[in-house]
Protein chains: 2
Amino acid sequence: MTEETWDVVIVGAGLSGLSAAQTLRKRNGKLRILILEGKDRVGGRTVTQELPAAHGIDRWDMGGQWVGSTQTYIMDLIQEFGLEVYTQYTTGKKVHHVGGPHAKVRTSSTSIPALSTLVLLDLSQLVWKIDRLSSTVSVEDPMKTPNAQELDSMTLHSYIEKHAWTEEMKEEMGVCSRVVFGMEPNQMSFLYFLMYAAAAGGVLCLLESTPGSAQEFRVKGGTQQLSERLAHQIGRESVRLGQAVTAIWQDAERAKVITATHSYLCRAVIVTCPPHLAAKIHYQPALPIQREHLTQNMPVGHLMKFVITYQMAFWREKGFSGEIVARPSAECPLSVTFDGTSPSGSAALVGFISGVQAYDWSSRELSERRDAVILSLVKYLGEEAASYIHYEEKDWALEEYSGGCPVNVMAPGLLTYYHPSLCTPCGRIHWAGTETATQWCGYMDGAIQSGQRAALEVLARLCPFTLTQEEQEVVQAAQNKNHESGPCQHIPSTSHLRRALILTTLIMATAVLLAQPQLCRDWIGQARQVVLLCGSKICCCVCKTST
Amino acid sequence: MTEETWDVVIVGAGLSGLSAAQTLRKRNGKLRILILEGKDRVGGRTVTQELPAAHGIDRWDMGGQWVGSTQTYIMDLIQEFGLEVYTQYTTGKKVHHVGGPHAKVRTSSTSIPALSTLVLLDLSQLVWKIDRLSSTVSVEDPMKTPNAQELDSMTLHSYIEKHAWTEEMKEEMGVCSRVVFGMEPNQMSFLYFLMYAAAAGGVLCLLESTPGSAQEFRVKGGTQQLSERLAHQIGRESVRLGQAVTAIWQDAERAKVITATHSYLCRAVIVTCPPHLAAKIHYQPALPIQREHLTQNMPVGHLMKFVITYQMAFWREKGFSGEIVARPSAECPLSVTFDGTSPSGSAALVGFISGVQAYDWSSRELSERRDAVILSLVKYLGEEAASYIHYEEKDWALEEYSGGCPVNVMAPGLLTYYHPSLCTPCGRIHWAGTETATQWCGYMDGAIQSGQRAALEVLARLCPFTLTQEEQEVVQAAQNKNHESGPCQHIPSTSHLRRALILTTLIMATAVLLAQPQLCRDWIGQARQVVLLCGSKICCCVCKTST
């Protein structure tokens with residue numbers, strides 16, 4: 001086994017690891033930095049693939065694809081590399097098929113899904129309540145949230161069960177959980193959900209395609225370019241592929257990072273892989289038990305993504321946006337689809353099979369799954385959906401050195417006891433990866449933020465002169481766990497106006513429903529108009545997704 | 001790296017692995033069996049240690065110590081090896097210090113803890129409800145339980161919050177969770193809790209020291225003897241210590257089990273280590289994603305055990321049983337203590353620091369923890385507690401190749417989606433360990449049951465002629481996941497009489513409290529007498545523990 005010596009070894013060549021390396025290199029060009037990656041490519045949970053399309057070959061993201069204007073870290077990187085973004089296509093009718101086994105397929109041309117008034121009100125009140133709670137969460141230190149322990153002691157499911165009025169709304173929230181986390185609402189802590197929403201600027205930001213939201217833009221040429229350009233900038237000789245790290249040993253003098261064939265001595269390590277994979281590495285000396293307990297219990301989502309190319313975007317011509325939201329059923333594998341037409345005009349639909357649907361469908365034959373997806377598209381968009389050029393899918397649970405997508409969450413109780421262990425360095429080992437981010441945690445933006453933060457920690461250790469006084473203090477404060485920060489300040493939260501509108505609508509209509517049944521029809525009509533006129537997109541939350 | 005060939009390789013030399021080997025050896029003496037163990041000893045989560053005591057050196061269990069008469073697998077093994085058991089000492093006053101920060105220290109000479117009548121009633125109704133639900137659970141297939149998905153979607157905490165009437169009772173249930181699982185009630189699925197109770201014969205069986213319950217007997221000379229005698233019987237040359245398994249590869253022909261220095265070819269593998277450690281092994285080909293998701297999310301308890309030896313059992317002379325149940329506080333690390341006097345009369349107290357208390361206290365200096373434990377004992381039992389001979393403790397979270405104790409549980413949602421993966425063989429790999437048991441899951445008894453079950457699976461694969469027709473059918477049925485079995489039949493469940501008594505008491509007193517306040521005092525007195533006279537020990541549940 002050969003042994004080499006470096007200054008810093010980074011585990012993982014995704015956006016987090018590469019951003020850490022970029023920051024280290026920018027601040028101190030003399031640092032010898034090595035990035036070890038288990039996969040045979042850079043990019044982590046982003047991968048851009050060439051597929052047969054209407055005009056020959058075109059490129060699609062089979063992993064993370066959306067960015068948004070409040071995602072300042074990734075927007076800066078896109079700008080730095082001279083890449084371009086384009087707006088997610090959302091014009092036209094959205095298909096909505098949720099609400100129990102006998103639900104009708106409904107369409108809506110506005111951003112408000114075609115739900116009954118009662119369910120719309122339920123949606124409004126629930127989103128309002130969750131958003132209000134989310135605004136009280138400290139992302140840096142979630143246990144400072146009022147009533148934190150109680151919120152962390154229940155699942156998202158338990159909260160929904162208690163606070164949603166209608167069965168249809170409970171099902172809607174299942175869809176939300178599935179498309180945002182690749183997971184069912186019974187698998188995660190409600191406080192974790194609130195923290196995740198707070199890190200994005202509010203719960204609606206997770207769900208919408210509007211400015212500032214998670215599904216606002218896509219990147220021309222694909223998001224994997226970002227990792228490829230970072231790797232090129234850092235120097236390809238600094239990135240070793242196919243080198244999965246199996247063990248990290250350290251003592252007072254140095255750390256040793258071990259793969260099947262090599263070992264690398266260094267002064268600091270940054271581990272960027274998802275928590276459940278970081279837990280598989282053998283550490284010597286053992287990590288603090290709090291850290292072990294944490295990473296052993298952060299479930300990762302199960303997401304399968306598909307891209308289907310067509311000769312033309314027939315759905316646009318028929319007045320559809322390409323957005324479909326579907327309930328889990330024996331016939332329909334998909335949770336959600338979007339228009340995925342490329343900037344050069346190659347028509348495509350992109351969609352996800354996730355959570356319980358991925359669980360049900362992932363072990364079947366590809367052909368069976370594909371045929372069921374196509375059949376669903378025919379049902380929702382018309383016969384033309386059957387005449388596709390190419391069907392491509394990626395099951396992220398089967399991807400070695402990912403094992404799931406889009407993100408690891410925390411089960412109940414973990415924030416209460418173990419959250420500080422997520423980022424606290426263990427000797428020479430520093431932790432990054434999007435799960436450790438405080439801005440857009442779980443997204444590509446969060447990956448970059450976390451990599452840059454870990455790089456600053458390493459610089460503070462190896463060459464503090466490269467940091468400003470302020471940066472040194474920030475690093476020190478974080479490591480002392482004495483930071484008093486509230487919710488991430490530079491993320492705009494959902495406007496008070498919007499909340500006020502929801503509340504007004506809600507109170508009006510509820511009062512009417514309870515007190516004056518005979519006036520119901522008129523007033524409900526008015527309430528819907530209020531929502532429509534104000535242009536609020538509060539209710540389109542179930543039509544949007546993230547990866 | 002040397003390479004050897006065997007028929008069966010077993011990972012882990014705890015009770016599960018050794019019992020598997022014993023069964024294989026008994027059925028087919030020609031099978032070449034190898035057991036690989038990461039630790040430098042056999043016994044897994046059992047270890048018996050010599051400590052300075054009143055009459056020189058004596059032996060105490062620093063891990064699993066109790067057995068019970070309904071634990072048929074371990075009782076058979078104890079008998080086979082000619083070992084003896086003795087009854088847990090419970091005579092005298094029990095100390096009870098639960099009920100908010102201003103709780104009084106109370107004592108009770110009966111098995112009913114000194115609680116207010118309201119809290120006693122609350123305890124009765126809650127245990128009755130939980131026990132009734134638990135009796136509906138199918139241990140082999142928990143998702144057949146009525147309303148299974150809903151029960152699996154909430155934490156134990158959420159259930160308690162909803163169904164306990166008093167804050168004191170909520171705190172009591174925290175103590176129960178802490179001492180049974182080493183974990184807080186917000187970390188586990190409520191359905192998992194019910195299944196665990198069902199596998200023991202009912203929730204009270206987990207908590208009591210009465211006949212058939214978890215804390216009934218101890219083993220003279222210690223429980224690690226069982227593993228030592230098993231290893232001796234199997235042949236010491238078949239057990240390799242210090243051989244932690246890092247990878248298991250398999251193909252159509254054979255499996256290869258890999259450690260840092262050796263690799264072993266074989267026809268079948270039995271992995272018996274706890275799920276969070278099984279998750280750290282590298283498998284090739286990768287395991288089904290359901291299995292990965294399961295083992296990545298089964299939190300293990302955090303339990304520290306201490307044994308304190310004394311010149312004499314002063315508490316007995318003062319009329320105390322040695323049982324203390326204490327709420328978490330800044331001053332008191334202990335959750336629970338028991339009389340731990342050895343069969344030869346060496347006086348000792350044994351106790352546990354667990355769950356949130358282990359989390360709070362494990363990172364401090366041993367001396368600080370010891371002094372706080374002793375101070376608490378002085379407070380509860382008197383000044384004599386300060387004059388101890390020896391204080392010994394073991395933090396199971398720090399034990400390499402255990403990483404926690406007493407058991408891994410399931411977070412919410414896991415039973416719903418992933419439970420069958422716990423035992424389903426993956427090619428040549430079979431799964432055992434107490435977490436996979438259906439009788440006394442989580443206990444030494446369950447470890448033995450699981451080892452024997454996995455051995456039958458392997459025999460069915462390698463030499464089916466050694467099995468009876470019935471055994472073959474059982475193995476086949478389990479592997480087809482078509483078994484229709486209900487709750488484990490040969491475990492006696494809590495008697496109907498006892499339940500009826502609880503219910504009667506509850507209804508009587510509740511009716512009085514609600515309807516006839518002026519009669520409260522008399523009737524409450526009578527209700528208490530009913531409970532006392534019937535000799536029911538329903539209310540001592542918070543005084544008992546398990547390891």
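If you're wondering where the values come from, they're calculated on a predicted model, not measured in any experiment. Residue numbers start from 1 in every chain, and the chains themselves are labelled A, B, ... in the order their sequence lines are given, proteins ahead of strands.
- Looking only at distances, a side-chain donor or acceptor of B:K280 sits under 3.5 Å from a matching main-chain atom of A:A279.
- Of all the heavy atoms in B:N186 and A:S153, the pair that sits closest is ND2-OG, 3.0 Å.
- In terms of heavy-atom pairs under 4.5 Å with chain B, the best-connected choice from A:M154, A:M298, A:H293 is A:H293.
- Both the backbone and the side chain of A:Q187 come within contact range of chain B, judged by heavy atoms closer than 4.5 Å.
- Atom OH of residue B:Y359 and atom OG1 of residue A:T416 lie 9.0 Å apart, to the nearest 0.5 angstrom.
- The residue among B:G404, B:P275, B:P299, B:A244 with the most heavy atom pairs within less than 4.5 Å of chain A is B:P299.
- Proximity to chain A is absent for every atom of B:A286, based on heavy atoms less than 4.5 angstrom apart.
- The CG atom of B:N297 sits 12.5 Å away from atom CE of A:M410, with the distance rounded to the nearest 0.5 Å.
- Put simply, the side chain of B:E161 reaches to within 4.5 Å of the side chain of A:E150, judged on heavy atoms.
- Contact annotation for B:Q296: both backbone and side-chain heavy atoms come within less than 4.5 Å of a heavy atom of chain A.
- Contacts with chain A were tallied for B:A397, B:A411, B:S189; B:A397 has the most, counting heavy-atom pairs under 4.5 Å.
- Heavy atoms of B:E292 lying under 4.5 Å from chain A belong exclusively to its side chain.
- Ranking A:S362, A:P412, A:G413 against chain B, the residue ahead of the rest is A:P412, based on heavy-atom pairs under 4.5 Å.
- Using a 4.5 Å heavy-atom cutoff, the side chains of A:Y417 and B:E184 are in contact.
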